[in-house]
Amino acid sequence: MQRKWSSGRMFLFAAVGSAVGLANIWRFPYVVGANGGGAFVLIYVASMLLIVIPLLIAEVALGRRGGADPISTMTTLARESGASPRWRAFGWLAILTTLIILSFYSVIAGWALAYVPKMLMGLTQSGVEHIQAEYAGLTSDPIQMSLWHGVFMVITIIVIARGLHRGIESAVKVLMPALFLILLGLVGYAGFKGDFSAALAFLFRPDFSKLSFEVVLMAVGSAFFSASVGVGAMMTYGAYLPQSVSIWSVAAWTAVIDLVVALCAGLATFPIVFANDLSPDGGPGLVFVTLPLAFSQMQGGFVVGLLFFTLLFAASLTSAFSLLEPAVLWLRTKFQVRRARASWAVGLLVWVAGLASVFSFNIWKDVHLFSGISRFQSSTIFDLLDVLVTNVLLPLGALMIAVFAGWQLSTGMLRQELVPGKATSLFAVWQILIRYLVPIALAAIFVGSLL
Ligand code: TRP
């Protein structure tokens with residue numbers, strides 16, 4: 001039998017740590033602003049409630065029931081419920097996907113890490129050109145980028161090698177409260193020093209004319225990417241969940257905190273961007289150029305900049321734990337490999353795989369594997385991996401979880417995990433969502449994003 005989390009709260013820290021990451025801080029606020037503000041937020045909240053939370057519940061419940069890594073869990077559960085042993089494929093898909101995500105996630109997280117010393121050395125005290133040159137210099141230098149990507153992986157590996165209690169729990173116990181404090185501090189600073197009302201308008205003024213089928217797909221897709229659902233990470237964390245903890249409440253809290261953090265990240269960054277007449281950009285440009293620029297023009301920008309990149313680094317680190325743990329647990333379970341050895345082996349493999357993403361920004365910038373397809377004409381390997389994960393692997397994984405939990409597993413077994421003793425209408429609602437709404441919505445994302 002596996003070890004367990006020390007408490008429900010520890011699971012919550014780890015699960016929120018997994019969910020809150022780069023996607024919340026640099027992607028969500030921008031996507032909201034560009035896609036209808038409050039109207040988008042409404043759809044996002046609805047997809048959290050109706051799709052993401054039911055999926056999280058299912059994934060964690062499967063994990064706790066199976067009590068092992070995604071491959072072993074699916075094998076056991078398929079056997080127990082008389083389903084086809086082919087369901088094990090979900091486990092393979094999950095482990096492959098977590099490792100692919102980690103390979104490029106770690107590259108960007110490496111930038112966040114690199115910016116901590118850059119801030120300390122006074123990046124915000126230098127001029128506009130210097131800030132732009134610093135970013136260009138980092139991304140065009142394969143050696144520097146591989147090193148930071150390597151340092152980030154080594155930190156992740158060390159934590160995972162120390163195990164559930166001495167590693168993940170010790171880390172999230174410190175990092176999550178720190179993360180919330182920093183975030184609150186940044187929102188407060190932005191409220192005082194920035195243009196808060198412009199940010200509020202950008203994030204919340206509903207513009208229903210911007211809503212379209214694509215925007216709805218984007219909202220659903222972002223919601224479940226942000227909650228780390230569908231790739232076996234939450235299943236693995238669920239395997240360590242003590243039987244006494246209620247899955248409903250931890251799943252709901254994880255999703256709610258993830259949402260609140262994303263909104264706060266918007267309230268921490270956009271007031272500063274608008275107060276300095278900078279344009280809200282999406283992705284790397286916003287975080288690594290626009291924000292340092294804004295910080296450089298503000299009183300206290302040095303400290304705020306330093307805190308911001310520390311926050312970004314901490315948030316991506318706790319996400320990375322949940323991306324490395326499933327494969328490590330699998331090696332331990334299947335081949336009795338020692339934890340430390342498994343962590344270093346998988347971590348090293350991920351680092352090497354990540355070099356493809358590192359090179360996508362410099363020496364392989366002009367390598368376009370699918371240049372024949374107009375949509376991918378100028379996509380680098382990094383871009384392709386991102387599309388593969390977000391549009392194909394994640395929706396597919398989530399769809400498999402929904403179908404398996406909704407249609408294959410016996411209701412009795414699910415009730416044991418979800419409603420010990422009590423018959424509840426909550427369970428009935430969940431079952432309807434996971435059987436009908438969730439698979440249909442996921443199939444729509446899957447088809448919609450391929451077209
Ligand atoms: N939720 C993470 C973020 O917001 C990214 C992510 C997506 C993830 N799927 C995951 C993290 C699975 C861990 C496990 O940045």
Side-chain angles (χ1 to χ4, degrees), residues 11 13-32 44 47-48 52 55-56 59-60 63 69-70 90 93-112 152 156 159-160 168 171-172 175-176 179 183 220-239 251 254-266 282-284 287 311-329 346 350 385-398 401 442 445:
F11 171 86
F13 276 5
V16 170
S18 168
V20 170
L22 295 170
N24 299 60
I25 296 173
W26 88 12
R27 189 156 173 281
F28 177 81
Y30 169 73
V31 173
V32 171
Y44 190 86
S47 28
M48 272 287 179
V52 171
L55 268 171
L56 264 177
E59 193 173 334
V60 175
D69 64 276
F90 169 83
L93 175 80
I95 289 191
L96 181 74
T97 309
T98 48
L99 296 181
I100 295 178
I101 298 180
L102 187 54
S103 81
F104 63 77
Y105 202 81
S106 161
V107 171
I108 309 296
W111 296 356
F152 182 83
T156 309
V159 172
I160 294 303
I168 303 180
V172 295
L175 292 173
M176 297 319 288
L179 197 146
L183 188 62
V220 183
S222 316
F224 81 91
F225 182 80
S226 180
S228 302
V229 83
V231 295
M234 292 296 183
M235 185 180 274
T236 305
Y237 277 6
T254 303
V256 169
I257 299 174
D258 184 57
L259 172 69
V260 172
V261 167
L263 292 171
C264 286
V287 171
L311 168 79
L312 197 62
F313 163 63
S316 37
L317 186 62
T318 53
S319 298
F321 298 159
S322 69
L323 290 165
L324 187 56
E325 181 66 20
V328 168
L329 181 60
V346 182
V350 169
L385 288 175
D386 184 24
V387 171
L388 175 70
V389 166
T390 330
N391 294 353
V392 183
L393 300 179
L394 277 182
L396 189 63
I401 290 179
L442 288 171
I445 303 188

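None of the values given here were measured: they were computed from a predicted structure. Whatever order the structure lists ligands and atoms in, that order sets their numbers, starting from 1.
- Of all heavy-atom pairs between Ala315 and Ile25, the closest is CB-CD1, 4.0 Å.
- Listed by number with element, the atoms of ligand 1 under 4.0 Å from a non-hydrogen atom of Ala233 are 14 (C).
- In the vicinity of Ser18, heavy-atom distances shorter than 4.0 Å reach the ligand 1 atoms 1 (N), 2 (C), 11 (C), 13 (C), 14 (C).
- The single protein non-hydrogen atom nearest to atom 14 (C) of ligand 1 is Leu323 CD2, 3.3 Å, given as residue, atom name and distance.
- At least one side-chain heavy atom of Leu312 sits less than 4.5 Å from a side-chain heavy atom of Leu22.
- When Phe28, Phe224, Phe225, Trp26 are checked for heavy-atom proximity to atom 5 (C) of ligand 1, Phe225 turns out nearest.
- The contact set between ligand 1 and Ser319, taken as ligand atoms under 4.0 Å from a residue heavy atom, comprises 13 (C).
- In this structure, Phe152 and Val107 have side chains that are not in contact, with every pair of non-hydrogen atoms separated by 4.5 Å or more.
- Nearest non-hydrogen protein atom to atom 11 (C) of ligand 1 is Ser228 OG, 3.3 Å.
- Counting the atoms of ligand 1 from 1 in the order shown, those under 4.0 Å from a heavy atom of Ser322 are 13 (C), 14 (C).
- Atom numbering of ligand 1 starts at 1 in the shown order; those under 4.0 Å from a heavy atom of Ala23 are 3 (C), 4 (O), 15 (O).
- In this structure, Phe224 and Ile445 have side chains that are in contact, with non-hydrogen atoms separated by less than 4.5 Å.
- Atoms of ligand 1 lying under 4.0 Å from any heavy atom of Ala19, numbered from 1 in the order shown and given with element: 1 (N), 2 (C), 3 (C), 4 (O).
- Between the Ser106 side chain and the Ser103 main chain, no donor and acceptor come within less than 3.5 Å of each other.
- Sorted by first and then second residue, the salt bridge (Lys or Arg N to Asp or Glu O under 4.0 Å) pairs with a member in residues 316-328 read Glu325-Arg339; sequence neighbours excluded.
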Could you list the donor-acceptor pairs under 3.5 angstrom formed between side-chain atoms of residues 385-397 and any protein atom two or more places apart in sequence or on another chain?
unit_1	atom_1	unit_2	atom_2	d
Asp386	OD1	Thr390	OG1	3.1
Thr390	OG1	Asp386	O	2.5

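- For ligand 1, the atoms sitting less than 4.0 Å from at least one non-hydrogen atom of Tyr105 are 2 (C), 3 (C), 5 (C), 15 (O), numbered in the order shown with element in parentheses.
- Each of the atoms 12 (C) of ligand 1 lies under 4.0 Å from some heavy atom of Val231.
- With respect to Thr97, the side chain to side chain contact (heavy atoms under 4.5 Å, CB included) criterion is satisfied by exactly one of Leu93, Ile95, Leu99: Leu93.
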